[in-house]
Amino acid sequence: MPKSKVSPDHEVIAAHMSAVTVAFQMLVVCLQDNGALQPGQYPAALHGYMEMAKDKADPMTLAMLDDLRQSLLN
């Protein structure tokens, strides 16, 4: 089965999300290195927000937050 081509808009969105994810990963590492954040604290906070907002927030927003949270757990 041939791969479908990704639209330029999709490529921009994917690149943006990737850059934001890496930026958050580096920020979390810096904060943990300085003792300002405990390991797992930020992903736990994101999870708490997602649970609180699951009936109000846009599903795409929640999916993006979950992707970010998962990337911070690894």
Just verifying a value: how many Å separate [X] [atom1] and [Y] [atom2], rounded to the nearest 0.5 Å?
X     : Y     : atom1 : atom2 : value
Tyr42 : Leu31 : OH    : CG    : 10.0 Å
Ile13 : Ser7  : CD1   : OG    : 7.0 Å
Met50 : Thr61 : CE    : OG1   : 10.5 Å
Glu51 : Leu62 : CD    : CG    : 9.5 Å

Common cluster, [X]/[Y], ILVMFWY with side-chain heavy-atom separation under 4.5 Å:
X     : Y     : result
Leu68 : Val20 : yes
Leu37 : Leu27 : yes
Tyr49 : Leu72 : yes

query = For Gln38, does its backbone N or O pair with a side-chain atom of Gln41 as donor and acceptor, under 3.5 Å?
reply =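 Present.
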N/O donor-acceptor pair under 3.5 Å between Asn34 side chain and Ala36 backbone =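 Side chain of Asn34 to backbone of Ala36: no pair is present.
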query = Can you find a pair of side-chain heavy atoms, one from Thr21 and one from Gln25, that are under 4.5 Å apart?
reply =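 They are in side-chain contact.
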inquiry  = Are Asp66 and Leu46 packed together at the side-chain level, in the sense that at least one heavy-atom pair is separated by less than 4.5 angstrom?
reply    =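 A side-chain contact is absent here, since even the closest heavy-atom pair is not under 4.5 Å.
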Other residues, nucleotides, ligands: >12 heavy atoms within 6.0 Å of Met60 CE =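 No - once you tally the heavy atoms of other residues, nucleotides and ligands closer than 6.0 Å, there are 12 at most.
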